[in-house]
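Read the structure below first, then the notes.
Remember, predicted model here, so these are calculated numbers, not experimental data.
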Amino acid sequence: MAKILKLNEISEVANKEFPAGYEFSADVKAPDGIMLRSFNMHEYPLNDELLAVARAGAGTNNIPIPACTEKGIVVFNTPGANANAVKELVICELFLGGRKIVDAIEWVKTLKGTEGLSKAVEKGKSKFVGHEITGKTLGVIGLGAIGVAVANAAAGLGMKVLGYDPYLSVSGALHLDTRVEVVGLETVLKNANFITVHVPLTPDTEKMFNADTFAKMKDGSVLINNSRGELADSAAVLAAVESGKLERYITDFPSDDLIGAKNVICVPHLGASTPEAEDNCAAMAARELVDYIENGNITHSVNFPDVCAPRASAARVCVMHENVEGVISKITSAVSAAGINIANLLDKSKKDKAYMILDLDSKPSDKVVKEIEALDKVIRVRVFA
């Protein structure tokens, strides 16, 4: 039926989601779909048969999205599938930020073989006094699946939680604990003892934590960054830590200048490194690929709009096109001119690209399909019957 290439080791759970006849391996040639985790696809050839790429995870910086978009290749990710794993790591890091646990553990290692160990421990532990998180204020920047999970968990731990997200979805708002207060960014920076960031890396968010940002934050605050290392200016981070503006910086994205720096904790990208998260991501990615390959439905795409509908008619035509005036009427005119009734039509846009699902009472001829493909601003056409 369909050939799915895996460019990384993927949880075996994915196999259960592919119907009989699907080929899913690292040896597939001319694949219909690709599933990957961290593999860098930017120099990878995009074959003409390729319909979709599914990232078993949230970040898609390793995928050449503009090139995929221009070829009509849908790029999927799996938002929320690893949310619990990342949430638990952030909660762990909240404790690491408040208490000098890492430093204390490293110090204890130096005591091996010391006579009167118990006395030495009692004498030296005062250097590692920390503070509790209960009653402190946590700022959560980005209230997607992970941000909401973190905010709710922190509220349950007795923290005052301030959330910021200019693009907060209805679903995100509905899932937020009522104790979480949604405020502006300036309010978060000014009032938070701890800040955790959960936003994608874009030109607008790159180095969003810089010298100016740190100047607005409370003295002695803790910044946790499990999203992308480039969200923070490393030089500004080190200066903020040195001055005491930041008591601690904790990141899941180590860099050479941060490793070993005082009051900086670098975690080796463990956010989604649990078997549960890998299983969830693999299963979701597989379901996205199957539904798109077999039905043309798009869910959780980063480059085309989400458009889904149950199959309930004799044929379906899916059209990717530029989001410009007049394209929809030209497509429907080509169908109507062939005497085919349109049972259902969905068309949504995402920035400058759009996607249409046309459910028809009969299958269009090859001539009609070619007419649609030849229309200006049409990117790709697929027919299901």
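Side chain to side chain, Asp233 and Asn210 fail the donor-acceptor criterion of an N or O pair below 3.5 Å. Residues Asn77 and Arg55 have side chains that never bring a donor and an acceptor to within less than 3.5 angstrom of each other. Counting only N and O atoms by type, the side chains of Asp204 and Thr202 include no donor and acceptor under 3.5 Å apart. The closest side-chain donor-acceptor pair between Tyr249 and Asn225 falls under 3.5 angstrom. At a cut-off of 3.5 Å, with distance as the only test, a side-chain donor of Asn297 or Arg316 sits close to an acceptor on the other residue. Inspection of the Ser301 and Asn303 side chains reveals an N or O donor paired with an N or O acceptor under 3.5 Å. Side-chain atoms of Tyr164 and Glu186 include no donor-acceptor pair closer than 3.5 Å. Judged by distance alone, the side chains of Asn193 and His131 never bring a donor and an acceptor atom under 3.5 Å apart.
The CZ atom of Phe128 sits 10.5 Å away from the CD1 atom of Ile105 when rounded to the nearest 0.5 Å. Between the CD1 atom in Ile342 and the CG atom in Leu358 there is a gap of 5.0 Å [rounded to 0.5 Å]. Leu238 CG to Ser243 OG: the interatomic distance, rounded to the nearest 0.5 Å, is 11.0 Å. Taken to the nearest 0.5 Å, the CD1 atom of Ile372 stands 6.5 Å off from the CD1 atom of Ile331. If you take CZ on Phe304 and NZ on Lys350, they are separated by 10.5 Å, rounding to the nearest 0.5 Å.
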Determine, step by step, whether Lys353 and Glu322 satisfy the salt bridge (Lys or Arg N to Asp or Glu O under 4.0 Å) criterion, reporting the C-alpha distance in whole Å, the side-chain angles of both residues, the deciding distance to 0.1 Å, and the verdict.
CA-CA 5 Å; Lys353 297 295 183 287; Glu322 302 289 342; 3.2 Å; yes

Let me see the working for Val188 and Val183 under side chain to side chain contact (heavy atoms under 4.5 Å, CB included), right down to the final yes or no.
CA-CA 7 Å; Val188 171; Val183 297; 3.6 Å; yes

After noting the C-alpha distance and the side-chain angles of Val182 and Leu176, does the key distance pass the side chain to side chain contact (heavy atoms under 4.5 Å, CB included) rule?
CA-CA 9 Å; Val182 179; Leu176 266 182; 3.7 Å; yes

Using the side chain to side chain contact (heavy atoms under 4.5 Å, CB included) rule, take Asn61 and Leu201 through it: C-alpha gap first, then chi angles, then the decisive distance, then the call.
CA-CA 8 Å; Asn61 299 78; Leu201 177 64; 3.9 Å; yes

Evaluate Leu157 against Ile91 for side chain to side chain contact (heavy atoms under 4.5 Å, CB included), listing each step before the verdict.
CA-CA 10 Å; Leu157 290 170; Ile91 297 303; 3.9 Å; yes

Please determine whether side chain to side chain donor-acceptor pair (under 3.5 Å) holds for the pair Glu294 and Tyr22, giving the CA-CA distance in whole Å, both sets of side-chain angles, and the decisive distance to 0.1 Å.
CA-CA 11 Å; Glu294 296 196 357; Tyr22 271 63; 2.9 Å; yes

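The pair Asp48-Lys71 counts as a salt bridge, with a side-chain nitrogen and a carboxylate oxygen less than 4.0 angstrom apart. Remark: Lys3 does not engage Glu23 in a salt bridge, criterion side-chain N to carboxylate O under 4.0 Å. Ion pairing between Lys109 and Glu106 holds under the 4.0 Å rule for side-chain N and carboxylate O. Electrostatic pairing of Arg248 and Asp103 counts as a salt bridge here, judged by a charged N lying under 4.0 Å from a carboxylate O.
A pairwise comparison of heavy atoms in Val13 and Ala283 identifies CG1-CB, 3.8 Å as the closest pair. Here the shortest heavy-atom pairing between Pro364 and Ala315 reads CD-CB, 4.3 Å. When all heavy atoms of Glu17 and Arg287 are compared, the closest pair comes out as OE1-CG, 3.2 Å. Scanning all heavy atoms of the two residues, the minimum distance from Ala236 to Ala211 falls at CB-N, 3.6 Å. Closest non-hydrogen pair, Val161 versus Ala154, comes out as CG2-CB, 3.9 Å.
No donor-acceptor pair closer than 3.5 Å links the side chain of Ser349 to the backbone N or O of Lys351. Of the possible donor and acceptor atoms, one in the side chain of Ser227 sits under 3.5 Å from a partner among the backbone N and O of Val197. Put simply, the side chain of Ser333 gets close to the backbone of Ser329: a donor and an acceptor are under 3.5 Å apart. Between the side chain of Tyr355 and the backbone N or O of Gly296 there is at least one donor-acceptor pair closer than 3.5 Å. A donor-acceptor contact shorter than 3.5 Å links the side chain of Asn191 to the backbone of Thr187. Using a distance-only test at 3.5 Å, with no hydrogens or angles considered, a donor-acceptor pair links the side chain of Arg380 to the main chain of Gly72. Panel note: side chain Asp359, backbone Ala343; no donor-acceptor pair is recorded below 3.5 Å. Between the side chain of Asp252 and the backbone N or O of Leu270 there is at least one donor-acceptor pair closer than 3.5 Å. Side-chain atoms of Lys218 never come within 3.5 Å of backbone atoms of Leu189 as a donor-acceptor pair (strictly under, hydrogens ignored). The closest donor-acceptor contact from the side chain of Asn152 to the backbone of His175 lies under 3.5 Å.
Other residues, nucleotides and ligands contribute only 12 or fewer heavy atoms inside 6.0 Å of the CD atom of Glu242. By the 6.0 Å contact criterion, NZ on Lys348 is open, its count of non-hydrogen atoms from other residues, nucleotides or ligands being 12 or less. The number of heavy atoms from other shown groups lying within 6.0 Å of NZ (Lys377) does not exceed 12. By the neighbour-count criterion of 12 heavy atoms within 6.0 Å, atom CZ of Arg99 is sparsely surrounded, having that number or fewer from other residues, nucleotides or ligands. When the shell of 6.0 Å around NZ of Lys112 is examined, it contains 12 or fewer heavy atoms from other residues, nucleotides or ligands. Within a 6.0 Å sphere centred on CZ of Arg37, heavy atoms belonging to other residues, nucleotides or ligands number 12 at most. Annotation for Glu49: atom CD counts as buried by contact number, over 12 foreign heavy atoms lying within 6.0 Å.
A 4.5 Å side-chain heavy-atom check between Val90 and His198 finds at least one atom pair inside the cut-off. Counting heavy atoms from C-beta on, the side chains of Ser221 and Leu246 come closer than 4.5 Å. Val319 has its side chain within reach of Val378: a pair of non-hydrogen atoms, C-beta onward, lies under 4.5 Å apart. Contact check for Met159 versus Thr137: no side-chain heavy atoms found under the 4.5 Å cut-off. A heavy-atom distance below 4.5 Å is found between the side chains of Met35 and Leu289. Between Leu138 and Ile195, every side-chain heavy-atom pair lies at or beyond the 4.5 Å cut-off. Looking at Val74 and Phe76, their side chains come closer than 4.5 Å, going by heavy atoms from C-beta outward.
Clustering ILVMFWY residues whenever any of their side-chain heavy atoms sit less than 4.5 angstrom apart, transitively, puts Ile293 in a cluster other than the one holding Ile34. Both Val290 and Val307 are assigned to one and the same hydrophobic cluster, defined by single-linkage of ILVMFWY side chains at heavy-atom distances under 4.5 Å.
With sequence neighbours excluded, the residues that form a ring-ring contact (aromatic ring centres under 6.0 Å, His included) with Phe39 are Tyr44.
Among residue pairs with one or both ends in residues 83-97, those qualifying as side chain to side chain donor-acceptor pair (under 3.5 Å) are Asn84-Lys87, Asn84-Glu88, Glu93-Asn226; sequence neighbours excluded.
With Tyr292 as the aromatic partner, Arg382 meets the cation-pi criteria of under 6.0 angstrom to the ring centre and within 45 degrees of the ring axis.
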